Amino acid sequence: MSFPEGFQGKLPDVGTTIFTVMSRRAAELGAVNVGQGFPDYPIDSRLAACVTDAVAAGFNQYAPMEGNVALRAAIAAKIVAAGGRSVDPETELTVTCGGTESIYSAIQAVVGAGHEAIVFDPAYDAYDPAIRLAGGRCIHLPLEAPHFRYDWDRVGSALSERTLPIFINNPHNPACTVATASDLDALARLTRDRPIAVLADEVYEHVQYDGRIHQSVMNHPELQSRSFAVYSFGKTLHITGWRVGYCVAPPSLTRELRKVHQFNAFSIAAPLQQAITLYLQRHPDAWREVAGFFGAKRELLRQSLAGSGLVLPEAQGTYFQLADFSSLEGADACLNDVEFTERLINDAGVAVIPLSPFYREAPAGMRIVRLCVAKRDETLTEAAARISAYTQGKRKKS
Ligand SMILES: Cc1ncc(COP(=O)(O)O)c(C=O)c1O
């Protein structure tokens, strides 16, 4: 007998993510893809060589469940080199299948029926489904436009004895903002004396601009003891397809996360873990180059779009740039972000990501789209040229 027609699984409202949809359509239409967040340039050839070395050295069977021992030591050394605290790789650090699996395993480890997670919209799309699969539900609070700041009083009013966890994404995708030390202090004050874990998505930790210093929960004197801090080599080493990330959490939370991880991913690709280990050992400062690298690309995109009529809010971090098209004139002035995205891919041949899918309920009249700067310079200038050609004649006369 075939499975019942119309069967609804546990996430009936979830479709294919906007990132996958836009990348697929960009490929079909031959559009320039500055939508989904992945580099379109080659990886460092020295890193590629490390994979060959790792395979030749025999790193081809199951890696330890918690992660390659030398990799965890190298990560702990990198954390200290970046000004962070001393993390015990044995009890506080777990290598996972990208940052995504850290998030998922952490949630499955601590969230159950009745829990209410606080999520700030716009939000990365992996949080809400993971909470629901764990039996909880999300309370979506807005980051206050136009600067996407936290309203901590409002967070305080939303807390209850069911709250678990509070998500914080810093630097923030898609808002491109970074949390300040006082944001973390406010979060600490609100969670003090309450059994609330913090899920800190810090995958863009090293992508902060204009001299900003990353404020990590991992280094916060209070938050470090209640936080899962999530990281991704996909972002830091330009290897999103390798799917290697890690979670730093105090021993009590790490223990619980590993219980899920061992029955979920179990362990992460052994040669890739070893390749990253070799690379970090041979080039311990590689992560320091990331902010400058993406900062230059951010500037190139901003300059290339200067005459386009799009307003580009300051990008403080992440490898994205928001673009507000609300000051265009004519028919485009009436479009929402999803419609504008459609116009760009069909008429300009450029794939971008609308902002409203990052909300449970997007604010009415959303007119912001997201562009990814982790692309070859030619991709960025071509995308900007096509967008500028499209907006020609639609710009306000000054
Ligand atoms: C905010 C945020 N968190 C988590 C992830 C997932 O990281 P990974 O690709 O390592 O799973 C991404 C990837 O785009 C992201 O933007």
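Here the structure is a predicted model, which is why all the values come from computation and not from measurement. Side chains are part of it too, since the values below use all heavy atoms of this structure and drop only hydrogens, waters and symmetry mates.
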Given side-chain hydrogen bond (donor to acceptor under 3.5 Å, both in side chains), test D128 with H140 step by step and report yes or no. CA-CA 9 Å; D128 188 295; H140 291 259; 2.6 Å; yes

Linking I/L/V/M/F/W/Y whenever their side-chain heavy atoms sit closer than 4.5 Å, directly or via other members, would [X] and [Y] fall into one cluster?
X    : Y    : answer
L312 : L328 : yes
F228 : M218 : no
L199 : L93  : no
Y127 : L164 : yes
I118 : Y104 : no

Does [X] use its side chain to pair, donor to acceptor, with the backbone of [Y] at less than 3.5 Å?
X    : Y    : value
N68  : L71  : yes
S160 : R162 : yes
Y209 : T318 : yes
R194 : E161 : no
E382 : E378 : no
T341 : V352 : no
N169 : N173 : yes
N60  : V55  : yes
S227 : L223 : yes
Q273 : I268 : yes

Between W152 and Y150, what is the ring plane arrangement, given parallel below 30°, perpendicular above 60°, and tilted in between? parallel

So Y124 and F19, would you call those rings parallel, tilted or perpendicular, with 30° and 60° as cut-offs? parallel

Please lay out, stage by stage, how R72 and E90 fare under the test side-chain contact (heavy atoms from CB on, under 4.5 Å). CA-CA 8 Å; R72 282 182 288 138; E90 265 311 299; 3.9 Å; yes

Charged N-O contact under 4.0 Å between D324 and R367: no

With a 4.0 Å cut-off, would you call D40 and K375 a salt bridge? no

If you define the side chain from C-beta out and look only at heavy atoms, does anything of [X] sit under 4.5 Å from [Y]?
X    : Y    : value
D201 : I103 : yes
Q108 : L133 : yes
E289 : D44  : no
T381 : D377 : no
S304 : L380 : no
F358 : I368 : no
L371 : I387 : yes
Q215 : D183 : no

Just to verify, which of E202, Q224, R85 counts as forming a side-chain hydrogen bond (donor to acceptor under 3.5 Å, both in side chains) with S216? E202

Applying side-chain hydrogen bond (donor to acceptor under 3.5 Å, both in side chains) between S105 and each of N264, T96, T100, report the one that passes. N264

Spatial distance of atom [atom1] ([X]) from atom [atom2] ([Y]) [nearest 0.5 Å]:
X    : Y    : atom1 : atom2 : answer
L272 : T277 : CG    : OG1   : 10.5 Å
R243 : S232 : CZ    : OG    : 6.5 Å
S157 : L141 : OG    : CG    : 9.0 Å
T236 : H206 : OG1   : NE2   : 5.0 Å
D337 : I353 : CG    : CD1   : 11.0 Å
R370 : L355 : CZ    : CG    : 8.5 Å

Test log, rule side-chain contact (heavy atoms from CB on, under 4.5 Å), inputs S225 and E222: CA-CA 6 Å; S225 62; E222 283 186 65; 5.8 Å; no

So which atom in [X] and which in [Y] form the shortest heavy-atom distance, rounded to 0.1 Å?
X    : Y    : result
V110 : H115 : O-CE1, 3.6 Å
Y279 : C50  : N-SG, 3.8 Å
A109 : E256 : CB-O, 3.5 Å
C176 : Q321 : SG-N, 4.0 Å
I131 : P165 : CD1-CD, 3.7 Å
Q316 : T177 : OE1-CA, 3.3 Å

Before you tell me yes or no, could you show the steps for H214 and Q208 under side-chain hydrogen bond (donor to acceptor under 3.5 Å, both in side chains), namely the whole-Å CA-CA distance, both residues' side-chain angles and the distance that decides it to 0.1 Å? CA-CA 7 Å; H214 180 51; Q208 308 214 16; 2.9 Å; yes

Evaluate R189 against D185 for salt bridge (Lys or Arg N to Asp or Glu O under 4.0 Å), listing each step before the verdict. CA-CA 6 Å; R189 264 195 311 279; D185 288 343; 5.6 Å; no

What do you reckon, are the aromatic ring centroids of [X] and [Y] less than 6.0 Å apart?
X    : Y    : value
F233 : Y246 : yes
Y62  : F266 : yes
F293 : H238 : yes
Y319 : Y204 : yes

Does CD in Q281 sit with more than 12 non-hydrogen atoms of other residues, nucleotides or ligands closer than 6.0 Å? yes

Consider side-chain contact (heavy atoms from CB on, under 4.5 Å). Of L190, V119, L159, which one does I166 pass it with? L159

Report the C-alpha distance between N33 and S23 in whole Å, list the side-chain angles of each, state the deciding distance to 0.1 Å, and finish with yes or no for side-chain contact (heavy atoms from CB on, under 4.5 Å). CA-CA 7 Å; N33 189 355; S23 283; 3.2 Å; yes

F325 and T391: CA distance, side-chain angles, deciding distance, side-chain contact (heavy atoms from CB on, under 4.5 Å) verdict: CA-CA 9 Å; F325 60 92; T391 58; over 6 Å; no

